[in-house]
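First the structure, in the form of structure tokens, and then the observations on it.
Chain naming here is simple, since letters A, B, ... match the order of the sequence lines and numbering starts at 1 in each.
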Amino acid sequence: LQVCCVRIANMFIVKRVVSAGGSFAPHCTSLSVSHFSACHCLASSRRHSPYSSVDRERYTSLVKSVMSSRVSSQTPETLQAEDEHMYGPVVRTPPPRPDMRVPKTLHPFLRCETTEETQEPESGPPVRISLKREQGGSFVPSVTRILQQTLSPEQIFYLERWKRRMIAELGEDGFKEYTQNLFRQGKLFHSALEDILMSGSTWKDKSLSEAPKYPSEVLGYMESISHILEDISAVRAIESTVQHDTLNYLGIVDCVARYRGVLCIIDWKTSDKPKPFLSNTYDNPIQVAAYAGALNSDENYKYQVENGLIVVAYKDGTPAHAHQLSSELMLEYWKTWLLRLEEFREQR
DNA sequence: GGATCCTTCTTCTTCTTC
């Protein structure tokens, strides 16, 4: 509102000064002296401007510019001053980082040995290996931590800008509450899903009989993914820890199951904004590839997973978006993950 | 029981015209 008032007030001043024939002409601040004179004269005697006979073509656009209400009276300088007032000092967008790099060592995504004889039956309850960190052992960083600490300058810039704007809108406390609520919803959604997938029933069965058991906040998300759940079968792992045997990192996979018959690492996400394209999910595909690579090297899992699936659920029940990651795509993201991992190690 | 960890999310130009 404050910015609007300032901008409207500025435009009003320009209009008044021009129509009163004054010599104040903010539009001319970046123009030459001759332009300024033209501006002044045109403003003071519009009907008999001496410039109309001298150099009419040259000043046509200038006249239009000054007289038009569509032109903002703001200059980049005043806009920046306003932004600084509202959001703090302006940080320039960092130049995009050329990322044609390849990892120094291309660690294999899949285990070398053949998996034909190690196929295990897909019956039985899903595995759930809980996280147990070794006391006093060497520190093993997590996928989330590594991704968080190797964000690109662009990502950091946009995230910080978003945060600044949210705090300006909601206040410090309001922002804290907002983010806590986002996390809470995500956690509730994951718990409900875990419950459904562990029990081996479908959401339709559950929603008919046990819907009241789930917090009302997650019902929309469950409705959102109900069509995806119909295509899920052979759930093998839920919220289970995976650790890479040589690359020394760990994480917790949301789910390993078949989606339309293809064995996938599945990552469930909640989002307020629609994410119809894979590119809308930022680092999520890298996260999925990192989990898959770890699982493939992990002795606790006797099978390999080459594909991925990112499911974005919506609170209002809008059908979720499911982004499938082919084995080729997973390999590409595996390379990106290896780069991020190298970057993380270099920081230390 | 307390402390710590993993995870849960958040980003992508901006203005005019119809």
Give the C-alpha distance, both sets of side-chain angles, the deciding distance and a yes or no for ring pair (Phe, Tyr, Trp, His ring centres under 6.0 Å) between F175(A) and W162(A). CA-CA 11 Å; F175(A) 177 70; W162(A) 168 80; 5.6 Å; yes
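- Aromatic rings of H321(A) and Y314(A) (six-membered ring for Trp) have centroids within the 6.0 Å cut-off, being under it.
- For dC9(B), one of the phosphate oxygens OP1 or OP2 lies less than 4.0 angstrom from a side-chain nitrogen or oxygen of T270(A).
- An OP1 or OP2 oxygen of dT10(B) is reached within less than 4.0 angstrom by a side-chain nitrogen or oxygen of K275(A).
- Of the residues near DNA chain B, P141(A) and Q148(A), the one whose nearest nucleotide (by heavy atom distance) lies more toward the 5' end is P141(A).
- Listed candidates were dT7(B), dT11(B), dC5(B). Nearest to the side chain of K187(A) is dT7(B).
- Contact annotation: T179(A) side-chain N/O to dC9(B) OP1/OP2 distance is not under 4.0 Å.
- To the nearest angstrom, P of dC5(B) lies 13 Å from CD1 of I252(A).
- Nucleic acid contact for Y221(A): none, since no nucleic acid atom lies under 4.0 Å from a heavy atom of the residue.
- Checking dT10(B), dT11(B), dT8(B) against every side-chain atom of K273(A), the shortest atom distance belongs to dT11(B).
- Ring pair W334(A)/F109(A) is tilted by interplanar angle, where 30° to 60° counts as tilted.
- Stacking annotation: F183(A) is stacked on the base of dT8(B) (ring centroids less than 5.5 angstrom apart, interplanar angle below 30 degrees).
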